[in-house]
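Have a look at the structure below before the remarks.
By convention in this document, chain letters (A, B, ...) are assigned in the order of the sequence lines, proteins followed by strands, and residues within each chain are numbered from 1. In what follows, every heavy atom counts, from backbone to side chain, and hydrogens, waters and symmetry copies are set aside.
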There are 2 protein chains.
Amino acid sequence: MTENLLTAVAPDGEEALALVEASEERGLLCTLFGRCRVVYDGRASSRLDPGDRLVVLKPDGTVLVHTDGGQQPVNWQPPGCTHEAAVEDGEFVVRSHRSSPSEELVVRFERLRHATAYDVTDPAELALTGTEEDLRQRILDDPELLEPGFEPRATERETPAGAVDIYGEDTDGNVVVVELKRRRVGPDAVSQLNRYVEALVRDLHAGTTVRGVLVAPSVTDTATQLLAERDLEFVSLTPAPDT
Amino acid sequence: MTENLLTAVAPDGEEALALVEASEERGLLCTLFGRCRVVYDGRASSRLDPGDRLVVLKPDGTVLVHTDGGQQPVNWQPPGCTHEAAVEDGEFVVRSHRSSPSEELVVRFERLRHATAYDVTDPAELALTGTEEDLRQRILDDPELLEPGFEPRATERETPAGAVDIYGEDTDGNVVVVELKRRRVGPDAVSQLNRYVEALVRDLHAGTTVRGVLVAPSVTDTATQLLAERDLEFVSLTPAPDT
DNA sequence: GTCTTCATGTCGGAT
DNA sequence: ATCCGACGTGAAGAC
């Protein structure tokens, strides 16, 4: 058994308890595999009958209950929760809770097949490209991508309805509100843009024309309809130049 | 080693390869712990420098890369992906890919501390309460919760702008459009309701009054403003009766 | 804390 | 396959 690596095959309750507590003390990430029931009560409530699952306990208080399928855990607790392990009626039990909002998750193992604890301190930062931020920078670097003569004046400009992605001016001196989306958009993005435009129409001097431009790779038909109804515009752009 | 439970402490590339391939063959869920780099290219692109992490391979093709903190994996692939493991330059490598959209994830291990494979076939269904569906049922069971004399006529009624949660009539014969939210709502929910109301105003006979009612536990100030501007209403209700 | 919006959102249901 | 909206959405940044 290596330093900062604990494992136990088919541990009984006490063994598992020792491992989880040691894990907690040393700030290790813990994985538990076995047959368990799960009860959750908080923002909603859920019950999960017995089944074989993988349970992950992270040093930051996160709890994940994973089944054989799906990217999302079937049950979970967010970071910042505190958990205690115990042996109750011969069953190994993990209780995780938080206040604000009040939430509790209880995982009760009928049978534990395996338990491990690892040190997973991770210094690296994820470098991600292709985000909305990249799309914004692409337009700021070359405003002509939006339209000839477009001049950005501000990003994240505040309005009563929220912050506008890019606020600028066209060649005729009209105000241009730009809403950016990194992927194909539907009706929600059009409504969002519309909120900003309406807020600015109210705020600015009467007589100022405010154009709203949605920038995204593409839009759905419904979104196109909505854009037309509200006199809003669309410009097709992706976060990264096409290759 | 129990049936359908494979483990390996500090496996070399070949051992890990055998375990992952056996895991795949038998439909097991596989966990890998070690120091790795991760490269992702697809809808976006990301690079992650070496760090100690937990990698989960599910039998449905899901891949999760978890660090010490956070509920979300730092990298992942969705269900339906296919992955191959290999030893390259002495390193154990997992490549996962899918088409439509074209995406690839490569996890390259400098060092593998532990590997396991479990059978996690899970027959149980999650029983969840406190959802929007519960809120809908609560109102259908007792329409007076919305307002005296409210009469539901349909759920999921289609409009050009999408399906209305509850479509009904008030005591004056006006059309009532109800949008339900299980939790406190912001501007987006107001816009959504507004889209349905506008679509129905266009669709129905001129002269028909269409009321829009947002039902949720509470609303933000901005949402209240928006509701007022658009002549929409708010009724406070939670998915479950208060206890 | 609350509010707002982004996300490689994911997921499910309907067309 | 696309579209649409819910989700115990989570996570980040602003206030």
(message) Between A:Glu91 and A:Arg37, does any side-chain N to carboxylate O distance fall below 4.0 Å?
(response) yes

(request) Give one of base, sugar-phosphate or nothing for B:Glu104, where a contact means two heavy atoms less than 4.0 Å apart. (result) nothing

(request) Write down the distance separating the P atoms in D:dA11 and C:dC11, rounded off to the nearest Å. (result) 15 Å

(message) If you only use heavy atoms from C-beta on, which nucleotide in D:dG8, D:dG5, C:dC6 is closest to the side chain of B:Tyr196?
(response) D:dG5

(request) By nearest nucleotide on DNA chain D, pick out whichever of A:Pro187 and A:Ser46 is the more 5' one. (result) A:Pro187

(request) Please confirm whether any donor atom in the side chain of B:Asp188 sits under 3.5 Å from an acceptor in the base of C:dT5, or the reverse. (result) no

(message) Would you say B:Ser100 places a side-chain N or O within less than 4.0 Å of OP1 or OP2 belonging to D:dA1?
(response) yes

(request) Provide, to the nearest angstrom, the distance between the CZ atom belonging to B:Arg184 and the P atom belonging to D:dA6. (result) 18 Å

(message) Can you see whether B:Arg53 engages B:Thr67 through a side-chain donor-acceptor pair at a distance of less than 3.5 angstrom?
(response) no

(message) If you only use heavy atoms from C-beta on, which nucleotide in C:dT8, C:dG1, C:dA7 is closest to the side chain of A:Glu132?
(response) C:dA7

(request) Determine: side-chain N/O of A:Arg43 to OP1/OP2 of D:dG10, distance under 4.0 Å, yes or no. (result) yes

(request) Take atom P in C:dA7 and the same atom in D:dC7, then report the distance between them in whole Å. (result) 22 Å

(message) Taking only the C1' atom of each, what is the distance from D:dG8 to C:dA14 in whole angstrom?
(response) 25 Å

(message) Assess whether a salt bridge exists between B:Arg195 and B:Glu179, defined as any Lys/Arg side-chain N lying under 4.0 Å from an Asp/Glu carboxylate O.
(response) no

(message) At 4.0 Å (heavy atoms only), tell me whether A:Pro79 reaches a base, stays on the sugar-phosphate, or touches nothing.
(response) sugar-phosphate

(message) Once you apply a heavy-atom cut-off of 4.0 Å, does B:Gly70 come out as touching a base, just sugar-phosphate, or nothing?
(response) sugar-phosphate

(message) Regarding A:Arg108 and A:Glu88, does a basic nitrogen lie under 4.0 Å from an acidic carboxylate oxygen?
(response) yes

(request) Taking only Lys NZ, Arg NE, NH1 and NH2, and the carboxylate oxygens of Asp or Glu, determine whether B:Arg211 and B:Glu147 approach each other closer than 4.0 Å. (result) yes

(request) Determine: side-chain N/O of B:Arg183 to OP1/OP2 of D:dA6, distance under 4.0 Å, yes or no. (result) no

(request) Please tell me which of the listed nucleotides, C:dC11, D:dG5, C:dT2, lies nearest to the side chain of B:Gln192? (result) D:dG5

(message) Taking donor-acceptor contacts at under 3.5 Å, does the side chain of B:Gln71 reach the base of D:dG10?
(response) no

(message) At 4.0 Å (heavy atoms only), tell me whether A:Arg98 reaches a base, stays on the sugar-phosphate, or touches nothing.
(response) nothing

(request) Tell me whether the OP1 or OP2 atom of D:dG10 has a side-chain N or O from A:Trp76 closer than 4.0 Å. (result) yes

(request) Output the single nucleotide from D:dT2, C:dA7, D:dG8 whose closest atom is nearest the side chain of A:Glu103. (result) D:dG8

